[in-house]
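Written below as C-alpha cells is the structure these notes are about.
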Amino acid sequence: MTGHPEQHLDLHALQRRLAAFAAERDWQPFHTPKNLASALSVEASELVEIFQWLTPEQSARVMEAPATAGRVEDEVADVLAYLLQFCEALGIDALAALSAKIDRNERRFPAPGKPGGRGGDHEGGHSPE
C-alpha cells in the first residue's frame with residue numbers, strides 16, 4: 001500500500017481525505033451529484049476498457065503483469081473515489097446501502113436448499129445486482 005501505510009484505512013477516513021483534497025483545490029462547486037455520477041461512469045468505462053478484448057482466461061490473469069495490474073488498481077481507485085464522493089454529496093452511507101442491498105438479494109434470490117431456493121439461476125441469466 002502506498003500513501004499513508006501507517007494509517008488504518010476505513011471508508012469514512014478515506015471520504016474525509018477526498019473531501020479535504022477537493023476543498024484544498026476549490027473543486028467543491030464541480031462535485032455535484034450529476035458530475036460525480038458522470039465521472040464515476042467514465043472511470044468505470046476506463047476499467048472496462050482494460051478488459052475489452054481479453055478472453056475470460058486472459059482477464060483472470062490480468063494482475064500477473066505489473067503494468068496492467070497497476071492500471072487496473074488505478075482505475076479501481078478512481079471508481080471507488082468517485083463513488084465515495086458521490087455518496088458523500090448525497091448523504092448515502094455506502095456500507096449501510098450495500099448491506100441493505102445484500103439483505104434484499106438474499107430474500108429475493110434464496111440459496112439452493114433454503115426455502116424458495118431455485119438452484120442458483122437468476123432472472124434473465126443475470127446476477128442479482
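Here the straight-line distance linking atom CG of Leu83 with atom CG of Asp78 works out to 12.5 Å at 0.5 Å rounding. We find the CG-CD distance between Asp10 and Gln15 to be 9.5 Å, quoted to the nearest 0.5 Å. With values rounded to the nearest 0.5 angstrom, Ser41 atom OG is found 9.5 Å from Glu43 atom CD. For the atom pair Arg108 CZ and Asp103 CG, the distance stands at 14.0 Å (nearest 0.5 Å). Interatomic distance, CZ of Phe86 versus CG of Asn35, reported as 11.5 Å (0.5 Å rounding).
Cation-pi geometry between Arg25 and Phe21 is met: the NZ or CZ atom falls under 6.0 Å from the ring centre, inside 45° of the normal.
Between the Arg61 side chain and the Glu57 main chain, a donor and an acceptor come within less than 3.5 Å of each other. Checked by atom type and distance alone, the side chain of Ser59 pairs as donor or acceptor with a backbone atom of Pro56 at under 3.5 Å. Judged by distance alone, the side chain of Ser38 and the main-chain N or O of Lys34 form a donor-acceptor pair under 3.5 Å.
By the rule that hydrophobic residues join a cluster once side-chain heavy atoms approach within less than 4.5 Å of another member, Leu95 and Leu14 end up as members of one cluster. With hydrophobic clusters built from ILVMFWY side chains whose heavy atoms lie under 4.5 angstrom apart, Val42 does not share a cluster with Val79. Note: the hydrophobic cluster containing Tyr82 also contains Ile92 (ILVMFWY, side chain heavy atoms under 4.5 Å, direct or indirect links).
Taking the side chain as every heavy atom from C-beta outward, Leu40 and Leu36 never approach each other to under 4.5 Å. Residues Glu88 and Leu18 are not in side-chain contact: their nearest non-hydrogen atoms beyond the backbone lie 4.5 Å or more apart. Between Glu73 and Met63 there is a side-chain heavy-atom pair separated by less than 4.5 Å.
Residue Ala22 comes nearest to His31 through the heavy atom pair CB-CE1, 3.7 Å, listed as atom of the first residue, atom of the second, then distance.
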Run the side chain to side chain contact (heavy atoms under 4.5 Å, CB included) check on Leu84 and Leu80 step by step: do they pass?
CA-CA 6 Å; Leu84 292 177; Leu80 183 56; 4.0 Å; yes
